Number of protein chains: 2
Amino acid sequence: MALGKDYATQECSIASALEVIGERWTLLVIRDAFYGVRRYNDFLVHLGIPRAVLAARLQTLTAQGILEKRRYQESPPRDEYVLTDRGIALWPTLWALGLWGREHLTGVRLRAFRHADCGTDLGRYGECPACGTVVPVPDVEVVPGPGLNQEPADPVSRALLRPKRLLQPVEVDPV
Amino acid sequence: MALGKDYATQECSIASALEVIGERWTLLVIRDAFYGVRRYNDFLVHLGIPRAVLAARLQTLTAQGILEKRRYQESPPRDEYVLTDRGIALWPTLWALGLWGREHLTGVRLRAFRHADCGTDLGRYGECPACGTVVPVPDVEVVPGPGLNQEPADPVSRALLRPKRLLQPVEVDPV
DNA sequence: CCAAGTTGGTTCAATGACCGAACCGAGGCT
DNA sequence: AGCCTCGGTTCGGTCATTGAACCAACTTGG
């Protein structure tokens, strides 16, 4: 977007935030990172994003300290992208956005989000109604619902059909 | 963006939401609507957005039922754009985004948001810590802080320097 | 009445972002 | 050697955004 041009004059933390995460695809990359997607190729097939755009987004997100590029094997050298604390702090935003989309657009609940400790569905603000506390992101369990396509083409979507916690890396079956 | 092309396949309420409000400028238009901006020209000068883009955004937001175009005088015919319930439901998202921007990017608190009934600053989820309840959007009072430019060029920014409630229309002084 | 101003747009050419496909290089496997 | 995977880069074509100019309806000032 090269947002800075106009957004910078906005004297507003919302505008500043949008400069960083407001570009096309960016929030979907971050959503996938919460779902445990970590590798270039997995983002690629799961999002259907152009390669050049993905490379650019990963680079700016890394530069902004939202993702961290981390070497996870030496030979061949391979890196993964994981959310930093700053990235994890975006969870309430994503949660609110998803809630709005579900209630005002799709109308269907495709996945359930639960407090892993007690199995209770999260409330409107991401809290656990049973425990009365805000649930830390790693304690949120994602349970895919029946509304999802059960035979998706790409292996990442297939791996995400299993319940798992947020941030926990997806295990993509090699074909 | 003409997002639908790829986003539609995403089986995700976040993706659906981004199709509707993910385009450049859209969320800033909505933010301004919360601040009480209602008229084409006021959006224009406050955001510094190209006219054609503003017209396009207002049209899609109206078509999506997020804004409502409402005739407020007959002669000359003049319309204003006001948030619908669906639009007002975006407040938690905007709040979360603004909080993230303030804590992780700008670091400065430019405006205070308070529960108008008791004057208490809102908590992290937009609740009133004193009353222990979620504050309805029209009961949120915006108090501009000293970090803001006190002599902004455009009349809308100047009008917004006075404390007021969300959704309450701005009163722009004619020059 | 006429001229100028206000409001809310539309149109247009130029620029920039995004797209999909092709290519590339490092390293491993057989 | 030859082929595969992973993580990119490069490239031409297309689509969105930009800023400036133009336009139409109506009002106000003289």
Side-chain angles (χ1 to χ4, degrees), chain A residues 1-9 18-19 22-29 32 37-63 67 69-82 154-156 170 172-175, chain B residues 1-9 18-19 21-29 32 37-62 67 69-82 154-156 170 172-175:
Chain A
M1 272 196 215
L3 301 168
K5 199 172 11 170
D6 288 286
Y7 281 22
T9 66
L18 288 174
E19 270 187 64
E23 290 179 300
R24 184 144 152 74
W25 293 111
T26 299
L27 267 180
L28 291 181
V29 170
D32 269 20
V37 178
R38 294 185 167 192
R39 293 160 62 164
Y40 181 91
N41 225 29
D42 291 345
F43 285 110
L44 201 68
V45 302
H46 189 231
L47 292 173
I49 179 178
R51 306 177 78 90
V53 177
L54 176 59
R57 294 296 180 274
L58 290 174
Q59 211 180 340
T60 44
L61 285 172
T62 305
L67 295 178
K69 188 172 185 171
R70 175 194 293 171
R71 173 89 18 127
Y72 70 92
Q73 75 178 28
E74 286 299 336
S75 178
R78 290 283 180 265
D79 300 311
E80 59 184 4
Y81 295 90
V82 255
D154 72 283
V156 179
V170 281
V172 178
D173 305 319
V175 187
Chain B
M1 273 200 215
L3 301 168
K5 197 170 14 168
D6 287 287
Y7 281 22
T9 68
L18 288 174
E19 270 187 64
I21 57 154
E23 290 180 301
R24 184 142 150 75
W25 293 110
T26 298
L27 227 36
L28 291 181
V29 169
D32 268 19
V37 177
R38 295 185 166 192
R39 293 160 63 163
Y40 181 91
N41 227 24
D42 291 345
F43 285 110
L44 200 69
V45 302
H46 189 229
L47 291 172
I49 181 178
R51 308 177 76 90
V53 177
L54 176 59
R57 294 296 181 274
L58 290 174
Q59 210 179 341
T60 45
L61 285 173
T62 305
L67 295 179
K69 188 172 185 170
R70 176 194 293 172
R71 173 92 12 132
Y72 69 93
Q73 76 179 28
E74 288 299 335
S75 180
R78 289 285 179 265
D79 300 311
E80 59 184 5
Y81 296 89
V82 262
D154 72 283
V156 179
V170 282
V172 179
D173 306 319
V175 187

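Residue numbering restarts at 1 for every chain, and letters A, B, ... go by the order of the sequence lines. What you are looking at is a predicted structure, and each value in this text was computed from that prediction instead of being measured. Only this structure's heavy atoms are used, side chains among them; waters, hydrogens and symmetry mates stay out.
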Query raised in the report: So which one's nearest nucleotide on DNA chain D is more toward 5', A52(A) or R78(A)?
Result: R78(A)
Query raised in the report: Which part of the nucleic acid does V53(A) contact within heavy-atom distance under 4.0 Å: base, sugar-phosphate only, or nothing?
Result: sugar-phosphate
Query - Interatomic distance where CD belongs to E23(A) and C1' belongs to dC19(C) [whole Å] - result: 15 Å
Requested in this report: Let me know the distance between CD of Q59(A) and P of dG8(D), rounded to the nearest Å.
Outcome: 9 Å
Requested in this report: In whole angstrom, give the distance that lies between atom CG of D79(B) and atom P of dA25(D).
Outcome: 16 Å
Query raised in the report: According to a strict under-4.0 Å criterion, is R57(A) in side-chain N/O contact with OP1 or OP2 of dC18(C)?
Result: yes
Query raised in the report: Taking all atoms of both residues into account, what is the closest heavy-atom pair of D79(B) and K69(B), and its distance?
Result: OD2-CE, 3.2 Å
Query raised in the report: Is the closest side-chain donor-acceptor distance between R39(A) and Y72(A) under 3.5 Å?
Result: yes
Query raised in the report: Rounded to whole angstrom units, what separation is found between the CD atom of Q73(B) and the P atom of dC26(D)?
Result: 12 Å
**Report entry** V37(B) versus V170(B), closest heavy-atom pair with distance
**Finding:** CA-CG2, 4.1 Å
Report task. Report yes or no: does Q59(B) contribute a side-chain atom to a donor-acceptor pair with the main-chain N or O of T62(B) at less than 3.5 Å? Result -> no
Query raised in the report: Does N41(B) place a side-chain N or O at less than 4.0 Å from the phosphate oxygens OP1/OP2 of dT7(C)?
Result: yes
Query raised in the report: From dG8(D), dC26(D), dG8(C), pick the nucleotide closest to the side chain of S75(B)?
Result: dC26(D)
Query raised in the report: Atom CZ of R24(B) to atom C1' of dC18(C): distance rounded to whole Å?
Result: 14 Å
Query raised in the report: If only side-chain N and O atoms of Y81(B) are considered, is one of them under 4.0 Å from the OP1 or OP2 phosphate oxygen of dG9(C)?
Result: yes
Query raised in the report: More 5' along DNA chain C: Y40(B) or R51(A), using each one's nearest nucleotide?
Result: Y40(B)
Report summary line: For V53(A) and W25(A) the tightest heavy-atom approach is CG1-CD1, 3.7 Å
**Report entry** Phosphate contact (dC19(C) OP1 or OP2) by W25(A) side-chain N/O below 4.0 Å
**Finding:** yes
**Report entry** Integer-rounded Å distance: dG19(D) P and L54(B) CG
**Finding:** 13 Å
Query raised in the report: Can you check the L44(B) CG to dT7(C) C1' distance for me, whole Å?
Result: 11 Å
Report summary line: From CD of E74(A) across to P of dG27(C) the rounded distance in Å is 11 Å
Requested in this report: Report yes if at least one side-chain N or O of K69(A) is closer than 4.0 Å to OP1 or OP2 of dG8(D); otherwise report no.
Outcome: yes
